[in-house]
2 protein chains.
Amino acid sequence: MISKNKTFIEKLRSSGLRPTRQRVEISKFLFNRKKTFHFSVDDLNKLLNSRKKKKISIATLYNTVHALKSAGHLKEFSLENNISYYDTNTTSHHHFYFNGKLTDIKNKEIHFKKIPTPPIGKKIKNVEVVIKLENIN
Amino acid sequence: MISKNKTFIEKLRSSGLRPTRQRVEISKFLFNRKKTFHFSVDDLNKLLNSRKKKKISIATLYNTVHALKSAGHLKEFSLENNISYYDTNTTSHHHFYFNGKLTDIKNKEIHFKKIPTPPIGKKIKNVEVVIKLENIN
DNA sequence: AGTTACTTTAGAATAATTATAAACTAATTA
DNA sequence: TAATTAGTTTATAATTATTCTAAAGTAACT
Ligand SMILES: [Mn+2]
Ligand SMILES: [Mn+2]
Ligand SMILES: [Zn+2]
Ligand SMILES: [Zn+2]
């Protein structure tokens, strides 16, 4: 646990961010997991602060999420509700979408047979696929 | 022009919407074009109301866009800025994305060689691709 | 023409996010 | 280790897209 914190302290330091109590705790919560995490600041607030004596202020949650994004540790995205969401997987990748939730699909899982040519003067930066799911019923 | 309006009056009526002056004008502006239109309510306000004596209120723009969406004539989507955007192409389709703007890609333009199996109990509803572009430079 | 139901509108309310600036703390320096 | 500094946290205010409210207006129906 202390050794885990060391990892995040390093991660923060090497991104030019002081490893404050709040940032370390947020980083541990976000990045110390097996699967990619997709969340809003409101999610983070509820999940992190609900059962806690010393809460991290909402302003700090916003500040830290922005700092982590600027440092390249989070990727921002939007769903259809005008709320910012963040993805702990910052690589270009694909998603299943069901019931307001995303699940990662590894890039190797999708191959293209045909893809359009970009307009002249432009080239492809990345290609991301969203597979919307529904219940079989 | 009068005949054009007739088209939209029919479109509105057959969707259970009274063809008011405002709705006809908005419909004509949105749907009387060759290419798919992607817009926010703010865009609509600026484009439609800027050089006009009798402006359509922002509340009506919201009301009408929502009514058209409910009637299936608009599809809502999000970019990365917490604003709702609308697409006059309501079919499932793909996009180029560059500089905050989307351009349609017809479904025939993209074919898949490999796509992942949905989780059990779920099936694929649709698949949408976003190709992010950048300048060749 | 009169009645009814729906629509438009200005303005208030809401909610996510950003800005402000004072108190606090990590890092650096003496 | 103490003092200095530069960066951080926080409560609170401001901003902004969107939704709500209810009064005035208009389309449709009788
Ligand atoms: Mn949530
Ligand atoms: Mn705009
Ligand atoms: Zn993801
Ligand atoms: Zn489109």
Side-chain angles (χ1 to χ4, degrees), chain A residues 5-6 8-29 38-49 52-71 73-74 76-86 100, chain B residues 5-6 8-29 38-49 52-71 73-74 76-86 100:
Chain A
N5 279 5
K6 251 182 213 158
F8 296 113
I9 289 174
E10 279 324 301
K11 180 169 190 162
L12 288 164
R13 277 233 175 72
S14 68
S15 303
L17 298 170
R18 287 189 184 173
T20 62
R21 190 198 97 233
Q22 292 88 337
R23 286 174 173 169
V24 172
E25 182 181 332
I26 292 169
S27 296
K28 205 163 95 177
F29 181 76
H38 304 94
F39 66 97
S40 66
V41 171
D42 182 62
D43 293 333
L44 193 54
N45 185 37
K46 291 198 176 89
L47 294 168
L48 207 52
N49 280 331
K52 283 238 323 260
K53 46 291 159 190
K54 202 152 176 36
K55 298 181 193 301
I56 299 177
S57 78
I58 192 77
T60 296
L61 295 180
Y62 275 103
N63 288 343
T64 301
V65 162
H66 291 161
L68 291 172
K69 183 193 170 192
S70 293
H73 302 305
L74 290 175
E76 189 173 1
F77 65 95
S78 270
L79 300 179
E80 342 211 303
N81 59 0
N82 312 322
I83 294 178
S84 284
Y85 289 87
Y86 298 88
Chain B
N5 279 4
K6 249 181 212 157
F8 296 114
I9 289 175
E10 279 325 302
K11 181 169 189 163
L12 287 164
R13 275 232 175 72
S14 67
S15 304
L17 298 171
R18 288 189 184 173
T20 62
R21 190 198 97 233
Q22 292 87 339
R23 284 174 174 170
V24 172
E25 182 181 331
I26 292 169
S27 296
K28 206 164 93 179
F29 181 76
H38 303 94
F39 65 97
S40 66
V41 171
D42 183 62
D43 293 333
L44 194 52
N45 185 37
K46 291 196 175 90
L47 293 168
L48 208 51
N49 281 331
K52 284 240 320 262
K53 45 289 157 192
K54 202 153 176 34
K55 298 181 191 303
I56 298 176
S57 77
I58 193 78
T60 296
L61 296 179
Y62 274 103
N63 287 344
T64 301
V65 162
H66 291 161
L68 291 173
K69 184 192 170 191
S70 293
H73 302 304
L74 289 175
E76 189 173 0
F77 65 94
S78 272
L79 301 179
E80 343 210 302
N81 58 1
N82 313 319
I83 294 179
S84 283
Y85 288 88
Y86 298 89

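Heavy-atom basis, side chains included; hydrogens, waters and symmetry copies ignored. Numbers restart at 1 for each chain; the letters A, B, ... are given by sequence-line order, proteins then strands.
Taking atom CD on B:Glu80 and atom P on D:dA17, their separation rounds to 17 Å, with Å as the unit. Between B:Glu25 atom CD and D:dT26 atom P there is a gap of 15 Å when expressed in whole angstrom units. D:dA17 atom P lies 14 Å from atom CG of B:Leu61, rounded to whole Å. Atom C1' of nucleotide D:dA28 and atom CG of B:Leu12 are separated by 15 Å, given to the nearest angstrom. Between the CG atom of B:Asn45 and the P atom of D:dA17 there is a distance of 11 Å, given to the nearest Å. Look at CZ on B:Arg21: it is 19 Å from P on D:dA24, rounded to the nearest Å. Here the P atom of nucleotide C:dT17 and the CZ atom of A:Phe39 are 11 Å apart, to the nearest Å. When the P atom of D:dA17 is taken as reference, atom CG of A:Asn81 falls 16 Å away, rounded to whole Å.
With distances taken from any side-chain atom of B:Ser57 to the nucleotides C:dT17, C:dA10, C:dA27, the minimum falls on C:dA10. When distances are taken from the side chain of B:Thr60 to each of C:dA16, C:dT9, D:dT10, the shortest belongs to C:dT9.
Checked by atom type and distance alone, the side chain of B:Thr64 never pairs as donor or acceptor with a backbone atom of B:Leu61 at under 3.5 Å. A donor-acceptor pair is defined here as one N or O able to donate and one able to accept, closer than 3.5 Å; such a pair exists between the side chain of A:Asp43 and the backbone of A:Ser40.
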Kindly give the atom pairs (protein nitrogen or oxygen, nucleotide nitrogen or oxygen) under 3.5 Å for nucleotides 18-25 of chain C.
| residue | atom | partner | partner atom | Å |
| --- | --- | --- | --- | --- |
| C:dT18 | OP2 | A:His66 | NE2 | 3.1 |

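Residue A:Ser40 has no polar side-chain atom (N or O) positioned under 4.0 Å from OP1 or OP2 of C:dA16. Of the side-chain N and O atoms in B:Arg23, none sit less than 4.0 angstrom from OP1 or OP2 of D:dA27. Of the side-chain N and O atoms in A:Gln22, one or more sit less than 4.0 angstrom from OP1 or OP2 of D:dT10.
Heavy-atom distances to DNA chain D give each of B:Ile83 and A:Thr64 a nearest nucleotide, and the one nearer the 5′ end belongs to A:Thr64. Positionally, the nearest nucleotide of DNA chain C for B:Gly16 lies more toward the 5' end than for the other of A:Arg13 and B:Gly16.
For the pair A:His73/A:Ser15, a side-chain contact is recorded, criterion being any heavy-atom separation below 4.5 Å from C-beta on. When side chains are defined from C-beta on, B:Asp42 does not count as touching B:Ile83, because their heavy atoms never get closer than 4.5 Å. By the 4.5 Å heavy-atom criterion applied to side chains, B:Ile26 and B:Phe8 are not counted as neighbours. Side-chain contact check for A:Lys54 versus A:Glu25: every heavy-atom pair is 4.5 Å or farther apart.
Summarising the geometry, atom CG belonging to A:Leu68 is positioned 8.0 Å from atom CZ belonging to A:Arg23; distances are rounded to the nearest 0.5 Å.
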